[in-house]
Number of protein chains: 2
Amino acid sequence: MTSGRGRDHGREPTTRETAEAWESLFRAQVTLLRRLQRDDVWGDLTLREYDVLFALSRAPGQTLRLRDLGEGSLLTQPSLSRLVERLEDDGLVARGPVAGDARGVAVTLTDAGARAQREIGRRHVRSIHRFVAPALDADELARLRELTDRLRAAQRDIPGPR
Amino acid sequence: MTSGRGRDHGREPTTRETAEAWESLFRAQVTLLRRLQRDDVWGDLTLREYDVLFALSRAPGQTLRLRDLGEGSLLTQPSLSRLVERLEDDGLVARGPVAGDARGVAVTLTDAGARAQREIGRRHVRSIHRFVAPALDADELARLRELTDRLRAAQRDIPGPR
DNA sequence: GCATGCTCCATGCATCTGCATGGATCGCGC
DNA sequence: GCGCGATCCATGCAGATGCATGGAGCATGC
């Protein structure tokens, strides 16, 4: 009897298989992330600060609510709140009101912030290429991307602990 | 002309392809890690503390030098040093000398530490299965594991920034 | 044998993070 | 229009983290 899952037709993985695949993914990410962080491409910013600037650079109007910034963030809400405060002090982002919701805070990339993001981003992608390209060819990378995309996308449909 | 890379015969990926694959891997790990951390399986420990106990549980004699613990760790050397200090205060590990090197510190799992690792580990792998199994079938997980293993293994051969 | 540079670990200190909480606003039922 | 729980963000505070540095032992050359 097959399980009722939609697009997924192969054999259901065992607990061990899921654990081993997750550990491999986890270790690969940790190893690579540490190398990327050590690479001298970050200027005065940390990876987490750059990540916020990057998210803003992709957003329409280079603006996001604090809430939405927190969605894919590595930080908790209070930490993100203060990180944005520091970025504002450095002139890289500006905070403003959200139309139609007086609780919200809209975070916008300033010109200086956009410049910083572009410069760091350019160096960062070269750094990525240096570490990733020797390991996997184009087809393998496409497959890796597809699998990790699906892994992430599936999380939307799985209920949380609460 | 083909590049001189050994086992890798496919097309060399572009900078864009490496960056997009890395971002997908990165986001998947962050998303999943946050869900795993929220899951109530950790008792009094943090993920990083558990990770140290886990590494020790796999080591011969359940013992590792501080230096080796740091290899795959998420922490810097000083932070790891203090984390181990806390674990020792809690009775989960013991510190001792290293035979033949008076500089070294050998960290050993205590019985209580081994118990804690097993209990948390059991809950943790169930948690992993819950989040991963709905997303990918057994073949896909095996493929994902192979790709991430190779990605990580390749880092040994790539020179660092210094 | 000894000087010199390197490795391993610990510690002072500033900063960052998370937890708990609070204040303001929103949405919804009535 | 009003009450009440939920959402959004900020802040006090304790603890964890990283950077810079220091001290002790090791390894190498001479």
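Naming: A, B, ... by sequence-line order, numbering from 1 per chain.
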- [ ] Send over the distance from B:Glu85 CD to D:dT17 C1', rounded to a whole Å.
- [x] 14 Å

- [ ] Provide, to the nearest angstrom, the distance between the CG atom belonging to B:Asp89 and the C1' atom belonging to D:dA16.
- [x] 14 Å

Open item on the list: Using a 4.0 Å cut-off on heavy atoms, which residues in residues 66-73 of chain A reach DNA chain D? List them by number, or say none.
Closed with: A:Leu66, A:Arg67

- [ ] Can you tell me the distance, in whole Å, between the CG atom of A:Leu83 and the C1' atom of D:dT17?
- [x] 15 Å

Open item on the list: Under the salt bridge (Lys or Arg N to Asp or Glu O under 4.0 Å) definition, can you give me all pairs with a residue in residues 110-125 of chain A, not counting sequence neighbours?
Closed with: none

Task: salt bridge (Lys or Arg N to Asp or Glu O under 4.0 Å) contacts touching residues 60-78 of chain B (sequence neighbours left out) - done: B:Arg65-B:Asp101

Open item on the list: Output the rounded distance in Å from CZ (B:Arg65) to P (D:dG25).
Closed with: 14 Å

Open item on the list: Can you confirm whether A:Leu47 sits close enough to A:Leu36 that some side-chain heavy atom of one is under 4.5 Å from a side-chain heavy atom of the other?
Closed with: no

Task: Between D:dC19 (P) and A:Trp42 (CH2): distance, integer Å - done: 14 Å

TODO: Within residues 98-105 of chain A, find the residues that approach DNA chain D with a heavy atom at under 4.0 Å, and present them sorted by residue number.
DONE: A:Arg103, A:Gly104, A:Val105

Side-chain donor-acceptor pairs under 3.5 Å in residues 79-87 of chain B, sequence neighbours left out?
residue	atom	partner	partner atom	Å
B:Ser79	OG	B:Thr76	OG1	3.2

TODO: Please name all residues satisfying ring-ring contact (aromatic ring centres under 6.0 Å, His included) with A:His129, sequence neighbours left out, ordered by chain then number.
DONE: none

Open item on the list: Strictly by ring-ring contact (aromatic ring centres under 6.0 Å, His included), give each pair with a member in residues 75-95 of chain B just once, sequence neighbours left out.
Closed with: none

Open item on the list: For A:Arg86 and B:Arg95, find the nucleotide of DNA chain C closest to each by heavy atoms; which residue's nucleotide sits nearer the 5' end?
Closed with: B:Arg95

Task: All salt bridge (charged side-chain N to carboxylate O under 4.0 Å, His left out) counterparts of B:Arg152, not counting sequence neighbours - done: none

TODO: Round to the nearest Å and state the distance from B:Leu45 atom CG to D:dA16 atom P.
DONE: 12 Å

Task: Partner residues of A:Arg16 under the side-chain hydrogen bond (donor to acceptor under 3.5 Å, both in side chains) criterion, sequence neighbours left out - done: A:Glu20

Task: Spacing between B:Leu47 atom CG and D:dT17 atom P, to the nearest angstrom - done: 11 Å

Open item on the list: So, using salt bridge (charged side-chain N to carboxylate O under 4.0 Å, His left out) as the criterion, who are the partners of B:Arg95 when residues are at least two apart?
Closed with: B:Glu88

- [ ] State whether B:Glu140 and A:Arg150 are salt-bridged, where the test is any N-O pair (Lys NZ or Arg NE/NH1/NH2 against Asp/Glu carboxylate O) under 4.0 Å.
- [x] yes

- [ ] Give every residue pair that meets the salt bridge (Lys or Arg N to Asp or Glu O under 4.0 Å) criterion with at least one member in residues 22-31 of chain B, sequence neighbours excluded.
- [x] A:Asp51-B:Arg27, A:Arg58-B:Glu23, B:Glu23-B:Arg27

Do any N or O atoms of the protein come closer than 3.5 Å to N or O atoms of nucleotides 18-20 of chain C, and which pairs are they?
residue	atom	partner	partner atom	Å
C:dG18	OP2	A:Thr76	N	3.1
C:dG18	OP2	A:Thr76	OG1	3.0
C:dG18	OP2	A:Ser79	OG	2.8
C:dG18	O6	A:Arg82	NH2	2.7

